[in-house]
Amino acid sequence: MLDLKTLDIWFVTGSQHLYGEETLRQVAEHARTIAGALDTAEKIPVHVVFKPVVKTPDEIYHLCQAANTDPNCIGIVAWMHTFSPAKMWIRGLQSLQKPLCHLHTQFNRDIPWSNIDMDFMNLNQSAHGDREFGFMASRLRMNRKVVVGHWQDPAVQTRLEVWARAAAARHDWQGARFARFGDNMRQVAVTEGDKVEAEIKFGYSVNGYGVGDLTKSMQAVSDAAIDQIIAEYEAAYQLADSLRKGGAAHAALREAARIEIGLRHFLEAGGFKGYTNTFEDLHGMAQLPGIATQRLMAEGYGFGAEGDWKTAALVRAAKVMAAGLPGGNSFMEDYTYHFDPQNSLVLGAHMLEICPSIASGKPACEVHPLGIGGKADPVRLVFDAPGGPALNASMIDMGNRFRLLINEVEAVAPVEKLPKLPVARVLWKPLPDLNTACAAWIYAGGAHHTVFSQNLTTEHFEDFADMFGIELTVIDSKTDLRQFRSDLRLGEVYYK
Ligand code: MN
């Protein structure tokens with residue numbers, strides 16, 4: 001479903017006419033070599049497109065205009081092989097609406113000690129040329145990523161990869177539609193927010209749809225389509241005996257399949273990239289969607305429970321950023337704590353809706369009562385998640401701005417069996433430690449709903465937040481609570 005190879009980054013090299021045709025020919029040749037190498041680099045998930053070297057204010061302006069309107073261009077990487085006087089860049093950069101990455105590299109890795117001459121010095125000037133460009137980007141107060149190092153260095157390519165993934169997710173949000181079935185869980189605060197401001201800032205729209213329209217789509221599902229999905233369930237999951245053909249709860253499985261197909265049809269027909277629902281508004285639905293939402297998330301849809309549209313959009317963004325990477329991303333909720341001083345842990349889960357992309361092993365497909373919502377027992381996938389580095393991300397509306405909050409964590413494989421817990425779950429240790437991390441999270445106003453990611457890093461979200469000019473706050477191994485609170489107060493001023 002998600003293929004980043006349809007997207008382009010433009011590799012833009014700046015120069016000027018001062019050096020003559022021969023130098024400019026070499027500049028173009030070197031730039032083409034670098035762009036080509038990045039394009040075919042295994043790490044880089046998108047196409048890197050070489051653009052002719054820009055040498056005048058008009059060329060720069062027209063290139064930025066073209067980038068703005070090109071539907072596949074997700075951002076530009078700029079590099080000044082020679083000096084490129086930066087007043088030439090003012091009009092272009094001021095008009096640029098796509099993300100900018102400044103690659104501070106040079107064609108040759110090493111100084112050619114024995115034959116360096118003035119021709120070489122006239123050609124290889126990025127050490128000072130890129131500073132002139134950097135001054136202008138700073139003078140214009142532009143958010144951009146600066147990546148420094150030789151273009152063949154894997155670490156440099158990884159930083160470009162991360163930026164490209166963030167740019168892909170930003171691009172995906174532009175014009176994206178998220179459906180909201182029912183409204184918010186009544187009286188809940190953190191899942192609310194300013195949808196108009198979100199559309200202005202992020203580019204996606206969130207609109208409400210009647211649950212009746214969704215159930216109409218579910219009623220239209222044929223028995224044959226349900227049979228086909230049941231066969232998929234049988235192949236992919238360990239089906240509980242009661243759910244098998246002839247079992248006491250087989251009808252519940254067929255109902256779950258109907259819900260999944262109806263939901264998918266609705267989302268496809270409306271071109272939606274994600275959705276929210278709430279257990280308080282399920283009129284005409286037999287069960288709260290469980291396995292349906294879990295499988296749709298695994299396909300790349302964003303999801304937020306209880307009307308949480310900000311998390312639905314962020315789950316979708318994480319799915320796009322992580323396209324093709326091993327590991328997964330899921331809607332998540334901090335559920336309960338293990339306050340053992342020797343081994344403090346958070347148990348993350350939800351009533352049902354955890355994405356099987358984060359599962360270790362083959363998920364079990366089971367049916368159990370929900371306890372709230374007053375509907376029939378919903379079918380769900382139950383699984384554990386593996387240990388390893390991970391993070392939780394939360395987008396919150398502070399009233400005058402959006403804040404993206406990250407907590408780096410260490411996921412932990414289950415220490416004990418949880419035989420009576422009928423939901424998918426994850427255990428993790430927050431960094432720097434549970435008490436500090438939770439205090440910081442609460443001071444920052446972080447939600448109980450998050451995106452849990454096994455394959456994205458803070459740098460992905462840092463680049464992503466920069467592309468929208470929103471606040472990013474990070475809780476990691478270095479977090480000191482006093483400094484963290486001071487940073488929150490500074491953000492209050494900076495983002496006012
Ligand atoms: Mn919840």
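Side chains included, hydrogens not; waters and symmetry mates left out as well; all remaining heavy atoms used. Just follow the structure's listing: the first ligand is 1, and inside any ligand the first atom is 1. Numbers here simply count residues along the sequence, with the first being 1.
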Legend entry - Polar side chain donor-acceptor pair, Asp487 to Gln483, under 3.5 angstrom: yes
Legend entry - Which atom of Glu333 approaches the Mn ion (ligand 1) most closely (N/O/S): OE1
Legend entry - Among the N, O or S atoms of His449, the one nearest the Mn ion (ligand 1): NE2
Legend entry - Residue pair Thr293 / Tyr275, side-chain donor-acceptor N/O under 3.5 Å: yes
Inset, instruction - Have a look at Glu306 and say which of its N, O or S atoms is nearest the Mn ion (ligand 1). - result: OE1
Inset, instruction - Could you verify whether a donor N or O on one side chain and an acceptor N or O on the other, from Asn207 and Lys195, lie under 3.5 Å apart? - result: no
Inset, instruction - Give the C-alpha distance, both sets of side-chain angles, the deciding distance and a yes or no for side-chain contact (heavy atoms from CB on, under 4.5 Å) between Arg316 and Asp172. - result: CA-CA 9 Å; Arg316 168 67 184 191; Asp172 179 74; 2.8 Å; yes
Inset, instruction - State whether His448 contributes an N/O/S atom found under 2.8 Å from the Mn ion (ligand 1). - result: no
